[in-house]
Amino acid sequence: MRIAVVADGEGGGWLQELDEAPGPIRRVGDLAAAVREAERARPEPPRWVWSAGEDVYPDLVRAGVRVSRCHDAALTEALLLGYHARHGEASSLGAAWARLHRLPVPEDPVRPLGEGTTHSQPALFEADRSTLPPGTDRLAALVEVHSDQLRRLAELPDPGRMRLLAAVESAGGLAAAEMSHDGLPWRPDVHDEILTGLLGPRPPSGQRPPVLADLAARISEAVGREVNPDSPAQVLRAMAWVGHPVDSTRSWVLERVDHPVVPLLLRYKELSRLHSANGWTWLDTWVRRRTGPDGRTLGRFHPDYVVGGVVSGRWATRGGGALQIPRSLRGAVRADPGWVLVRADAGQLEPRVLAAVSGDDALAAAAAEEDLYARLAVHVGGDRDRAKIGMLSAMYGQTSGDAAPLLATMRRLYPRALEYVDSAARTGEGGGIVRSWLGRTSPAPTGWSAAVSGPGGERRRRAQGRFTRNFVVQATAAEWALVLLASLRQRLPDMPEGAGIVFFVHDEVVLHVPADLAGEAVRAVAEAEATTRATLFGDTPVRFPLAPVVTRNIG
DNA sequence: AGGGTTTGCCAC
DNA sequence: AAACGTGGCAAACCCT
């Protein structure tokens, strides 16, 4: 059963059941209550059809309602457009409807930034970012576009795969809204302790923390004249001045220079990065504080996830840099009193994915092991690190350094796996497009003939080849993660308010649950992995170890 | 002053 | 070991 739903902007909306033919339209004054009721009415919950989960669902979540599944018309439209090499065209409901009616296609609305900050105050069901022409029946337009999308899915060479992709992409939208709402447990006091320990006490805003100020002074002293270490240009001049000219101030370049200023610069860079990217300003902006039951200050970090925000299908985030939380701050992620975190990390996901999609028996045998790289090392007859470099080189297209002889070995040992990525690379070098396992499609290069005919054309071809080479693996890995997420959230229906998945980064999920439900959460993770593997790859020998760990903190 | 680009580093 | 895929973000830099 599918139910199309449109919000009225005042807490109510319209519902329409979609069986073979659309049913009667029902007007409801309390949309959240109506959705909650319909979720419970049948043993099999409905699939909600809406224009964009990011418009409707956050309000439902704020009202305490969770749904099991949905069809997100905007996300589905983007997948279908991409499949037909029309990346970048507008994908909102209004755009899809306009294309159906051969009308001018509206640009996608720009999502307001910073809903996750400590300062914003969202209003209930306020967001009507409809791009339909004024006066259009929004429910009718939604039903029409949905029906057209089902038809376009059915016409694909392998409709089952893209249907699955649309379903898990849509489910990703649900999970993202839920995670944004619940937030990652983040202890401001612990964060502050870490910062103070490394940088000294918090300075007045705009000033350098004591440790950075001291390092900057010692750097100037070691150079023999005033240097602002934040300025790459000044550091370049300083290195030349002390007799060690370099052509960039990257850490790995400086590391090779033997001069007393280098360790100071490296330490400064490291700490300065922490201060500017995840210092006290970040803490004030992105972590909402509240007082816990025992009087301790608790906090939540509310990332703003962008589902499908990366061409490969990985998620992006906006504001707060949720996907780049430095390891040094992970200690600030702490479970609430009486609760635990369950952290599950899919180790070596990409080579496992390559083993599964390429059907390479030897690589699949290695991917049946807990430590894939260790087994590779046995095959290759070298150490684990070298085997790992060889594998990563194959997937990323590295050719310099040690990579070439390693790749030759890999090509001999894992011919089908290497042919899979080599073939994708050749397609890219020729300006073609490639697809993930479920059908997510790489964007075609823009201005190709001009780009490859002029100077630097060969470099451009190689770069595009590396992109498509990596795309087939990274995009499929992102699909694995989406299926896992979709499966996992469906297995956690009876968790209390605020419990469930609270963080997701490419191949890692973190759950936050009451301590007595830890076992259930671990079980759910294990079951979700089994379902994901079978759903995507059938009875492959490849394993995807998640090794869920129950902890109080993930640092 | 303000916008766009460059540099460099963080994550996976 | 060397600089290879996807990104976000902040500060400096460079222009209008």
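Protein chains get the first letters and strands the later ones, always in sequence-line order, with residue 1 at the start of each.
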Whole angstrom value for the distance that separates P of C:dA10 from CD1 of A:I325
14 Å
Measure from the ring center of A:F503 to the ring center of A:W186 and say whether it is less than 6.0 Å.
no
Using the rule side chain to side chain contact (heavy atoms under 4.5 Å, CB included), only one of A:E529, A:R352, A:Q348 pairs with A:P545; which is it?
A:R352
Backbone N/O of A:R334 and side chain of A:N553: donor-acceptor pair under 3.5 Å
no
Return the value, rounded to whole Å, for the distance between atom CD of A:E508 and atom P of B:dA11.
12 Å
Reckon A:S393 touches a base, only the sugar-phosphate, or nothing at all at heavy-atom distances under 4.0 Å?
nothing
How many whole angstroms separate atom CD of A:E350 from atom P of B:dA11?
17 Å
Counting primed atoms, P, OP1 and OP2 as sugar-phosphate and everything else as base, the B/S/- map of nucleotides 11-16 of chain C against protein heavy atoms under 4.0 Å is SSS---
For A:T317 and A:R314, find the nucleotide of DNA chain C closest to each by heavy atoms; which residue's nucleotide sits nearer the 5' end?
A:R314
Regarding A:V473, tell me which of base, sugar-phosphate or nothing describes its non-hydrogen contacts under 4.0 Å with the strands shown.
nothing
What is the separation between atom CG on A:L349 and atom C1' on B:dA11, rounded to the nearest whole Å?
15 Å
For DNA chain B, the residues among residues 250-274 of chain A that have a non-hydrogen atom under 4.0 Å from it:
A:R250, A:S251, A:K269, A:R273
Between A:R327 and B:dC12, is there a contact of a side-chain N or O with OP1 or OP2 at under 4.0 Å?
yes
Rounded to whole angstrom units, what separation is found between the CE atom of A:M239 and the P atom of B:dG8?
13 Å
Is it true that a side-chain atom of A:H87 and a backbone atom of A:T441 form a donor plus acceptor pair closer than 3.5 Å?
yes
Polar side chain donor-acceptor pair, A:S312 to A:Q474, under 3.5 angstrom
yes
Can A:R187 and A:E193 be counted as an ion pair, charged N to O under 4.0 angstrom?
no
Salt-bridged, A:E508 to A:R330, with N to O below 4.0 Å?
yes
Please report whether the ring centroid of A:W282 lies less than 6.0 Å from that of A:H191.
yes
A:E370 and A:R543 ion-paired at < 4.0 Å
yes
How would you label the contact of A:G309 with the nucleic acid (heavy atoms, under 4.0 Å): base, sugar-phosphate, or nothing?
nothing
Any strand counts, and the cut-off is 3.5 Å on both contacts for Watson-Crick or G-U wobble. Which nucleotide pairs with C:dA2?
none
B:dT7 - base-pair partner by Watson-Crick or wobble geometry, distances under 3.5 Å
C:dA10
In whole angstrom, what separates A:K388's NZ from C:dA1's P?
13 Å
Want to settle it: does A:I389 or A:G397 sit nearer the 5' end of DNA chain C, counting the closest nucleotide to each?
A:I389
Provide, to the nearest angstrom, the distance between the OH atom belonging to A:Y305 and the P atom belonging to C:dG7.
18 Å
Between B:dC10 atom P and A:H506 atom NE2, what is the distance in whole Å?
16 Å
Looking only at heavy atoms, which two atoms of A:L174 and A:Y57 are closest? And how far apart?
O-CE2, 3.5 Å
